[in-house]
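A, B, ... follow the sequence lines: proteins, then strands. Residue 1 opens every chain.
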Protein chains: 6
Amino acid sequence: MAEFSHLDAEGTARMVDTGAKPVQRRRAIAVGFVECAPATVAALREKALPKGDVLTVARIAAIQAAKRTDELIPLCHSLPLDAVDVDFEVTDKGVAIRATASTSAKTGVEMEALTAVSVAGLTIYDMCKAIDKQMVIGGIRVTDKIKE
Amino acid sequence: MAEFSHLDAEGTARMVDTGAKPVQRRRAIAVGFVECAPATVAALREKALPKGDVLTVARIAAIQAAKRTDELIPLCHSLPLDAVDVDFEVTDKGVAIRATASTSAKTGVEMEALTAVSVAGLTIYDMCKAIDKQMVIGGIRVTDKIKE
Amino acid sequence: MAEFSHLDAEGTARMVDTGAKPVQRRRAIAVGFVECAPATVAALREKALPKGDVLTVARIAAIQAAKRTDELIPLCHSLPLDAVDVDFEVTDKGVAIRATASTSAKTGVEMEALTAVSVAGLTIYDMCKAIDKQMVIGGIRVTDKIKE
Amino acid sequence: MAEFSHLDAEGTARMVDTGAKPVQRRRAIAVGFVECAPATVAALREKALPKGDVLTVARIAAIQAAKRTDELIPLCHSLPLDAVDVDFEVTDKGVAIRATASTSAKTGVEMEALTAVSVAGLTIYDMCKAIDKQMVIGGIRVTDKIKE
Amino acid sequence: MAEFSHLDAEGTARMVDTGAKPVQRRRAIAVGFVECAPATVAALREKALPKGDVLTVARIAAIQAAKRTDELIPLCHSLPLDAVDVDFEVTDKGVAIRATASTSAKTGVEMEALTAVSVAGLTIYDMCKAIDKQMVIGGIRVTDKIKE
Amino acid sequence: MAEFSHLDAEGTARMVDTGAKPVQRRRAIAVGFVECAPATVAALREKALPKGDVLTVARIAAIQAAKRTDELIPLCHSLPLDAVDVDFEVTDKGVAIRATASTSAKTGVEMEALTAVSVAGLTIYDMCKAIDKQMVIGGIRVTDKIKE
């Protein structure tokens, strides 16, 4: 049976020991989506785009959260991020989020990319919740994981 | 057109001023889901359940993140949480997450409940990612918002 | 001789005990200025204004820092902020910053307003430093302190 | 026209990608000044100096803030600081602050030095504000930036 | 059998719900001790006392940690502290630490007092470890818990 | 007389400059003990063991605190931890705690191991305090410090 890297033989939670792993350049991309009502999409297009504050606030929140992934996710290692990029596309159904995290470290950065996407989604939710009570954040997943 | 509470007349981001609002008991419930492969569900049931560490670690991460929602989401107010409850159900498709946040404050706690669900989902993802590269976190939404 | 509230009779640092003080609505306004070269002002006006990201990033950083004033300044109390407003004016000499912090608490919020101004200034510095090595942040002071 | 490193071609905020930059020893020095009333300077000399707690508290606050610069300034990278030194000189006009930050990293540490100076100034302000309502924090700038 | 307040009927960790509890003034006192070698005590007395930086740094660290107890201890509530006092006595065997935490809140502050003592002890350890490899931190306990 | 590494010639607190030190693999082990009443030990064995949440919550709290040692202890450097292991043994007298911290860095990790032990002890205290008012946390010390 598949083994959990974060559980030892007795099922106890643990950090994976990265002491013997080499430092490598690594990059991960994650995506997600905030489903909004048509009126919310219209309001975003009218009031908050193309250079409106909603998406800028979400981008900043995402970058800051990515840098603190190790504080949020208990068994994650602290990584020095080389870059975090966060892009948005407003579609007829809501807001698509894409985050890329890069590092030169001993372990991968998919959790940082996923954290950026999640917090971007939460921030968009927060800023739109006064006009839309039915939003759903979903489709959060890793699309690329690259080691150079 | 609907108005964003977090943008002023010129579209500039702002915190909502809660100075004149009364302190009330408030509660919010949010849900979400981590879709896993059948082998991951089997491994969770075998190795990590019923009292395994995976879900306990996710619960603790969720509670801690809820207490720090105001650090993660830029325009959120700092709220003194009375309680945060996080429950999980492992189904054939993955793990269902439900979080309840309660406060006695001037503003609602749905962002705290949503943050708890999101970070629980990220932590489950982190602990299962060595055995499952295809997980998707989704369905994150508010189901109840109560003011007493 | 004037007495330091944060030093006891022997000169030892201490928090002021606010236990017997009433909760009151309080507000404080602080200002500051980032002096820039004319070319930087021109670039800000061209590329980063009126709705450019520089000032939005600085505003978000300021609001987030104001909420964490008690972590930065050792003897400050933790206060639940009702609102933080941050405004900028780009003049021929640089960027004027004004922050207003409001609370309902036992002690004043001038440190929160000053922290918001300082971190807004640092963020503007960070975003302009590639094009201007001579900026100076100054004039940081409290202009109003109101108790209702 | 000069280009902002933290804005892309469309004016969107971004982190600079440091992935391809070499690790180098870097050092930056920043200064600032807290203008105080003569009575405050006298009180500092009488009660808080030469080994009084005011400046020690400010020094500790500055060192701790420098280590958290990446949390305060949204687009800053996380840097492992080798050292942070903070010195004060009490003059007839107030307190001069000087901070030196050192690292072995891919990017410079002037923001860390500036953050140390700013938070030292805020802490001095906090500790003296009961006896002086007219202080001004200013002259915050980088004096040296060295790459070895 | 005695019941754990932080475990539900199935043994699952939870926060205690304080929603129905009244706000009361509460105070707790905790103590602890750092055992040092005689040479360390002599050095502390010679170089670091009576107004030396070692104990001031430890006091500041303790106050700051007390304010963040809810971040360190997963099931603790966030409390607005009215005051934190930290006192030291250097004896022939080492350093005695005493911390008092006060709040006006729905739940007690013994964890805040204990956290202050623990972090004061760790900071003293850190500052003396270059000259003493045999220190032991112990005797950390609550001596008083008062509700007014 | 022995010299404090964290005080300069005038007794002023300072960080040790690690700029010229080589990166080495380092490991430190620390231990501690939470003395409990026999009824608490019995309750732990009955309700909270072998896979109960008390020790898992304490382990997670310890790992998370170890990663933030530099925020808690003012003059500590920020270190990228390769691993943190936390083990518990419930004896007739209470709970023995052992933490191992590993890094590849310029300076040692004993403070990280000690912080993990201390916060594990505080968390156990918090979770058992409803049934035991007489616990004492002690015996916190370094047992091993290894440089490879």
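Contacts of E:S104 classified as side-chain hydrogen bond (donor to acceptor under 3.5 Å, both in side chains), with partners at least two apart in sequence or in another chain: C:K106, E:D82. Residues that satisfy the side-chain contact (heavy atoms from CB on, under 4.5 Å) test with E:A101, not counting sequence neighbours, are E:L81, E:V109, E:E112, E:A113.
E:I63 has its side chain out of reach of C:R14: every pair of non-hydrogen atoms, C-beta onward, lies at least 4.5 Å apart.
Atom NZ of C:K133 sits in a crowded spot, with more than 12 heavy atoms from other residues, nucleotides or ligands closer than 6.0 Å. For C:K21, the NZ atom counts as densely surrounded, since its 6.0 Å shell holds more than 12 non-hydrogen atoms of other residues, nucleotides or ligands.
Both the backbone and the side chain of C:A20 come within contact range of chain E, with heavy atoms under 4.5 Å apart.
The two residues C:S78 and E:P80 have their closest heavy-atom pair at O-CB, 4.5 Å. A pairwise comparison of heavy atoms in C:I73 and E:K67 identifies O-NZ, 3.5 Å as the closest pair.
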Run the side chain to side chain contact (heavy atoms under 4.5 Å, CB included) check on E:I60 and C:L75 step by step: do they pass? CA-CA 8 Å; E:I60 295 306; C:L75 302 177; 4.2 Å; yes
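Taking chain E as the reference chain and counting heavy-atom pairs below 4.5 Å, the highest number among C:T18, C:V16, C:L79 is found for C:T18.
The contact list for residues 22-36 of chain C toward chain E, using heavy atoms and a distance under 4.5 Å, is empty. Within residues 141-148 of chain E, no residue has any heavy atom closer than 4.5 Å to a heavy atom of chain C.
Taken to the nearest 0.5 Å, the CD atom of E:Q64 stands 9.0 Å off from the CG atom of C:D70.
Between C:E71 and E:R68 a salt bridge is recorded (basic side-chain N to carboxylate O distance below 4.0 Å).
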